[in-house]
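Computed from a predicted structure; not experimentally measured.
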Amino acid sequence: MRMDELRQRIEGELKDLGAKIEAKEPNIINIIIQRDNAVEAARRLSSIGFDHVKAVTAVDRGKEFEVIYIVSSYSEDISYFLVKLRISLSHDDLRTPSLVDIWPSALYQEHEEHEMMGIYFEGHPRMGKKLLLPESYEGIPPLRKEFKIKTEGIDHEGA
Amino acid sequence: MKEPEERELELLIGPQHPASGHMRLIARIDGDIVTELKPDIGYVHRSVEKIAETKKFLQIIPLVERPSLPDTTANNLAYVMALEKLLGIEPPPRAKYLRVLLAEITRIHSHLYGLGIHGVMIGSSTAYMWCFGDREPFLQLAQELTGARLTYSYIIPGGVRRDMPSGFPERVEKALRYMEGRMKDYFDLYFNNPVTRARLEGVGVLKREDAIRLGAVGPNLRASGVPYDVRKAEPYAAYPEVEFDVITEKEGDSFARVMVRVKEIGESIKIIRQVLKRIPEGPILHESYEKLIPPKLREQYKSTGVVKFPSLFANLKAPEGEAVARVEGGRGEVVFHIISDGKTSPYRLRMVTPSFRNVILFEHLTKGARVADIPAIYGSLDYFPPEADR
């Protein structure tokens with residue numbers, strides 16, 4: 001499939017969900033979606049053939065957080081393309097629906113972004129449990145910008 | 001006699017090296033049958049993504065390599081490719097071929113590592129010794145090319161660090177011929193051994209649709225009949241210019257996963273021969289970076305083929321933006337997602353490794369398996385805990 005065909009197809013499928021779609025790179029389609037429509041958008045992308053999640057990246061931008069699903073396909077005709085499904089969240093309300101029912105491949109990655117960024121994926125079976133961090137860890141989710149790591153050696157800036 | 005209240009037992013395997021590296025498997029068993037198994041990971045988590053936000057772009061190369069020790073080239077390459085997208089720079093053709101050369105040497109020794117560990121997990125210490133012994137020629141080749149046995153940091157923005165030393169192609173060819181000759185021994189003693197077959201065939205079957213649904217990667221995915229390989233899906237470096245087959249198997253069992261790795265060693269040998277035949281002459285570093293090297297050191301670079309980093313590299317800034325790069329490593333697809341705000345460190349770096357993608361398979365494949373099949377399945381996934389934990 002060609003990029004413009006795929007883009008048209010996605011635009012057609014997601015038109016009524018208020019998705020903002022743009023493509024600046026030759027094989028990446030950016031989709032900005034409201035969290036309330038994320039599950040439906042995922043379902044429709046999955047019906048086009050986007051069958052697995054390659055990465056879930058959560059980003060702390062201060063007042064705003066963003067969750068980016070990098071989705072693609074194992075079918076040869078569209079495996080060249082990546083779709084970035086982007087959901088913006090406000091710092092005061094970091095809940096977003098889990099997409100594991102549609103993409104089970106997101107199970108571990110949503111879990112990781114939950115414990116590292118403090119985002120709550122509604123409907124994910126393992127919320128509140130630790131994945132990589134020690135059971136005893138309490139405090140700010142460590143990938144947040146407000147969590148500072150202490151550095152040593154030549155990078156050390158005074159005691 | 002009173003009925004026992006519960007039939008099921010909880011069995012804890014690990015975290016002190018149940019097989020290869022630190023992780024714990026929490027299994028519920030009913031007699032000899034596993035009813036549920038959950039991998040408990042994170043024992044070797046080292047916060048690569050967080051640390052990356054405090055390190056400069058160049059310092060991150062060794063950082064992202066370390067978690068996947070037997071397969072460092074894939075992480076090195078995927079990270080640098082993402083960075084190059086941000087920088088808007090392409091390496092010269094010779095550097096692209098050298099990247100493929102090292103990537104395929106690494107694939108061979110990474111596969112031998114996985115096959116060897118799997119061998120000892122199902123009780124064949126000979127397979128282990130042989131694989132680890134035969135890894136050695138490839139480690140030595142990599143060392144000759146890069147200066148290190150495993151932690152190469154060979155691929156840098158705009159090129160590679162060193163050119164091939166003289167006489168290198170001949171020594172590579174010698175190692176390739178040796179490996180081809182050894183394959184027959186492996187089949188006679190190990191792969192066609194009735195014990196090996198009995199331990200692996202029909203064990204831990206991953207169906208095609210489940211492999212896709214669970215997002216499996218690498219040989220584990222291809223052994224279930226999905227011909228996905230990043231080198232073909234989104235070809236990078238010099239891969240568009242070499243011919244090779246994507247190896248798949250139909251059965252999806254532990255044996256099929258082993259066979260994909262074995263046959264991929266053959267494909268890597270094919271690729272390396274083409275690379276050595278077709279590698280173009282020319283620079284190994286992009287000219288705009290070469291210009292930054294002070295004249296004296298530039299002369300040295302020209303005569304020895306070893307790049308001395310221009311000091312400006314230390315404060316390399318990536319323009320604001322976002323980049324994703326994927327690479328087919330030995331264990332499968334590596335994905336890097338870098339978000340830059342124009343400073344000397346990334347604002348956010350996401351690193352997704354093949355082992356982290358494959359960890360879900362532990363839960364899926366062990367359901368209904370026998371306890372003794374756990375190591376057979378574990379080993380067949382070529383899972384590497386530090387790589388998953390990052």
Turns out that what part of Leu221(B) lies under 4.5 Å from chain A's heavy atoms comes down to side chain
Practice task
Indicate whether the side chain of Thr353(B) and that of Ser355(B) have a donor and an acceptor atom separated by less than 3.5 Å.
Solution key: no
Quick one: do Glu112(A) and Arg390(B) make a salt bridge, cutoff under 4.0 Å? yes
Under 4.5 Å to a heavy atom of chain A? For Arg213(B) that would be both
Correct closest heavy-atom pair for Val48(B) and Leu63(B) would be O-CD2, 3.8 Å
Original post:
Once the angle between the rings of Phe121(A) and His124(A) is folded into 0 to 90°, is it parallel (under 30°), tilted (30 to 60°) or perpendicular (over 60°)?
Top reply: tilted
Whatever's closer than 4.5 Å to a heavy atom in chain A on Ile212(B) counts as both
message = Is there a side chain to side chain donor-acceptor pair (under 3.5 Å) between Glu110(A) and Tyr69(A)? Walk through the geometry before answering.
response = CA-CA 9 Å; Glu110(A) 282 186 354; Tyr69(A) 290 83; 2.7 Å; yes
Whatever's closer than 4.5 Å to a heavy atom in chain A on Glu363(B) counts as side chain
Of Met116(A), Arg126(A), Lys148(A), Glu76(A), the largest count of non-hydrogen pairs under 4.5 angstrom with chain B goes to Arg126(A)
Most heavy-atom pairs under 4.5 Å with chain A, out of His45(B), Glu234(B), Arg348(B), Glu53(B), belong to Arg348(B)
Separation between CD (Glu113(A)) and CD1 (Ile68(A)), nearest 0.5 Å, reads 10.0 Å
Under 4.5 Å to a heavy atom of chain A? For Glu333(B) that would be side chain
Practice item. Return the orientation label for the Phe356(B) and Tyr108(A) ring planes: parallel under 30°, perpendicular over 60°, tilted otherwise. Key: perpendicular
| query | Side chains of Tyr347(B) and Glu322(B): is there a donor and an acceptor less than 3.5 Å apart? | reply | no
Of all heavy-atom pairs linking Arg257(B) and Leu381(B), the shortest is NE-CD2, 3.9 Å
Most contact-rich option vs chain B, by heavy-atom pairs under 4.5 angstrom, among Leu143(A), Val53(A), Asp51(A), is Leu143(A)
Hits for side-chain hydrogen bond (donor to acceptor under 3.5 Å, both in side chains) against Lys85(B), two or more places apart or cross-chain, chain-then-number order -> none
| task | Using a strict cut-off of less than 4.0 Å between a Lys/Arg side-chain nitrogen and an Asp/Glu carboxylate oxygen, indicate whether Asp60(A) and Arg144(A) qualify as a salt bridge. | result | no
Turns out that what part of Lys38(B) lies under 4.5 Å from chain A's heavy atoms comes down to side chain
Most heavy-atom pairs under 4.5 Å with chain A, out of Ser47(B), Ala216(B), Ala211(B), belong to Ala216(B)
Residues 4-31 of chain A vs chain B, non-hydrogen distance cutoff under 4.5 Å, contacting residues -> Glu25(A), Asn27(A), Ile28(A)
